[in-house]
Amino acid sequence: MKRHKLRGWIYSAPAVLAMCVLFLGPVLAVLFFSLTDWQLGQKSFSFLGLGNFEALLADKVFLKSLRNTFVYVLLVVPGTVALGLFVAVLLESSEELKGIYRTAHFVPVMAATSAMAIVWGTMLNPSIGMINRVFHWFGYSGANWLRDESTALLALALIGVWQGFGYAMVLFISGLKAIPQQLYEAAEIDGADSAVDRLRLVVLPMLGPVMMFVVIIIAVRAFSVFDTIHVLTEGGPNYGTDALLYRLYVESFNFLRTGYGGAMAVVFLIVVAMLTLVQARVIDKRVHYT
Amino acid sequence: MASVELRNIKKHYGKTSVLKGVSLSVQDGEFLTLVGPSGCGKSTLLRIIAGLEDADGGEVRINGKNVAGVRPKDRNVAKVFQSYALYPHLTAFDNIATPLRMRWLTSIQRFPLLGRLLPETRRIERDIRGEVEQVAAMLRMSALLDRKPGQLSGGQRQRVALGRAMVRHPAVFLMDEPLSNLDARHRVQMRAEIMGLHRQLGTTFIYVTHDQAEAMTMSDRVAVMMEGELMQISEPEQLYIDPDDLRVAEMIGTPQINVVAIEKMAQHAGLYLAFPPDAATMAFRPECATIGKPLDAMLNGIVSMTEHLGADIFVHIKLDDDAGTVIVRTKPDAARHEDGAPVGVNVDRHNVLWFDADRKRIRRQAVKKIAA
């Protein structure tokens, strides 16, 4: 019995080692530093206990970035899922040029985000950008999208949707392909032959497992939004687009307040872990694996 | 209740012709089985009747009315699928209730949560509950109604699928190999249950299968299809003893009918039998032949194998001159033959079926003796 246990540990040693070095170690280190006033590069530090976390709760900028992050996630997740599903259903229902469209919609997922962010920055530019020109054509004045606090976060969310829906689409397409044809036929004979009824009776329930996966992945990705903010707005205007991960980066590496940044990382970790847990719990009840 | 009439139905996918002009009529209340090897077009024909697919030519009439352009849900047909095709996220009750909900409730009343609040919805839902429970009782599955398909066995799932079809009292039941996913024991049991349902409901049943035993045991009439054509349609017994085509004869009955090419037959066989002039093959059922002394019979050969099946014994006899192998059914009390023993096979000439080079049956009585 004892030897079997030992053997088990030996077999799993490489994985355990990698887990420790790449995941557990850093997490413990972050937890540790979040309790200190350590600054990047400094040789000494002192313990603050929960001081960093208390400071966080009083930090208006941090709270705003937290709120922005949630708003961003609430915009990006439904948008990405809806658009991804819509395009997937559209592509699956027609044979023509399927491959080209599928690839075209998937390109944003593969492209480097920061490069794409620069392109979006140019398009959203109030004077030379294409988007405002289109608005002018139709007689509207457009907006200074990324410099106006009321539109900046929305613009970033739209870029987020644009970047992610191809990924959702590919997953949805594979999910749609797995739905047996006879189920659609049964629904048709039973009287569910409108698009809405078919969606409710067959497509959405059968896509359950894929949907759960897509929502979790997209939500976690949205929570860790960084590139577009860094390239396009740097958190502005007036911290209107400041998000959790960006604030963490600024505190840790611009202001070198590593301990304080560590506390933010802990908050981020807790939020993402809870989100995943809640989603898995709630959605799992409504998902039907066959 | 309805009659179904098919007139010259044609269907092709690309260049492949799947149905080459099939005409048949099913009477009101009849149990008709379409049987044939896979790829013969029987399932496609069923889908065309259901309206899941459009024919490229010909017309479908249900109760005398041409249903071209009528959507499946408005044809008043129900279909049971081989894979059951139940909605996995719904309980057995909700699966059976679905066709009624789709018909009786408006899309507003079916709206999640809100629809339930309308008073009218509650009344209709009560009616639906009554109907579903009645059907469940008929199928003896009232206790299973709150289970989901994943928690049911194959036979129970097929019962739910039957319930979903029955609940709306369709004019025609279409069944596409409903028993092929079941194991042998359940298959025989469900066979009897489906026959019982047909008697009880008195509705028109059109049943598709590749299993000739199912076709023979369940149906009022059997339609044999091959390569997109209807070969023969008649009562099961008639099909067995009086097939129109060699392929039909070979399809129906186990073990298969014995077929011997005329040109392979020894010259002296003519002494025993009169050949129709254009006959290419002769065929006879295993039970129509007797084993006799060698060299003295219509067909001669050696015993290659004996199968004991309890009540019956099948003796496989390899004929001389490479004329193939025939099977003779004997009773356990008949004389036994060692493997390798030379024997003769005699067939009563009334039980021999003749087929021409096109595999069509020769029924003419005109015969000519072959000179020895």
Side-chain angles (χ1 to χ4, degrees), chain A residues 78 81-82 85-86 88-89 92-96 98 171-172 174-216 279-290, chain B residues 43 46-47 49-53 70-91 94-108 110-112 115 148-152 157 160-161 163-165 167-168 170 172-174 176-178 181:
Chain A
V81 168
L85 184 61
F86 179 72
V89 170
E92 271 307 283
S93 57
S94 115
E95 285 302 316
E96 262 162 70
K98 215 177 191 169
L171 291 170
F172 282 136
S174 74
L176 286 173
K177 279 194 198 303
I179 300 178
Q181 187 60 32
Q182 292 200 335
L183 215 50
Y184 289 112
E185 294 180 356
E188 205 175 336
I189 289 178
D190 284 347
D193 53 4
S194 73
V196 176
D197 284 334
R198 196 162 39 225
L199 206 64
R200 263 191 62 199
L201 193 62
V202 180
V203 178
L204 287 181
M206 295 302 284
L207 279 183
V210 176
M211 182 71 79
M212 177 170 83
F213 183 72
V214 169
V215 167
I216 291 177
Q279 276 175 332
R281 277 274 167 85
V282 172
I283 303 180
D284 224 6
K285 273 193 192 149
R286 312 204 45 176
V287 167
H288 310 276
Y289 303 94
T290 41
Chain B
S43 289
L46 202 67
R47 293 162 54 79
I49 299 173
L52 294 169
E53 215 151 336
V70 179
R71 289 191 293 180
K73 67 170 182 181
D74 300 323
R75 291 191 179 195
N76 204 10
V77 298
K79 189 171 171 185
V80 177
F81 295 85
Q82 178 180 355
S83 64
Y84 321 130
L86 299 175
Y87 310 113
H89 61 294
L90 297 180
T91 60
D94 289 328
N95 263 288
I96 297 175
T98 299
L100 294 185
R101 290 201 175 124
M102 288 296 162
R103 279 179 174 67
W104 294 359
L105 294 169
T106 62
S107 53
I108 296 166
R110 272 187 277 119
F111 200 83
K148 291 196 173 157
Q151 302 163 304
L152 298 171
R157 285 184 210 184
V160 177
R164 183 173 63 177
V167 78
R168 39 185 263 235
V172 184
F173 268 90
L174 306 174
D176 191 1
E177 311 228 3
N181 280 9

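Note that the coordinates shown come from a computational prediction; the quantities given were computed from them, not determined experimentally. Reminder, nothing fancy here: chain letters follow the sequence lines and each chain counts from 1.
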Q.
Main chain of Val80(B), side chain of Arg164(B): is a donor-acceptor contact present, judged purely on distance under 3.5 Å?
A. no

**Q.** Any donor-acceptor N or O pair under 3.5 Å, side chains Tyr84(B), Asn95(B)
**A.** no

Q | Engaged part of Ala165(B) at the chain A interface, taking heavy atoms whose separation is under 4.5 Å | A | neither

Q.
Please check: side-chain N/O of Arg75(B) versus main-chain N/O of Val70(B), any donor-acceptor pairing under 3.5 Å?
A. yes

Q) Looking at Leu201(A), Val196(A), Asp190(A), Val202(A), which one has more heavy-atom pairs under 4.5 Å with chain B than the rest? A) Asp190(A)

(Q) What part of Arg101(B) gets within 4.5 angstrom of chain A, counting heavy atoms only: side chain, backbone, both, or neither? (A) neither

(Q) Quick check on Leu86(B) against chain A: is it the side chain, the backbone, both or neither that has a heavy atom closer than 4.5 Å? (A) backbone

Q) So, the side chain of Arg157(B) versus the backbone of Ala85(B): is there a donor-acceptor pair under 3.5 Å, distance only? A) no

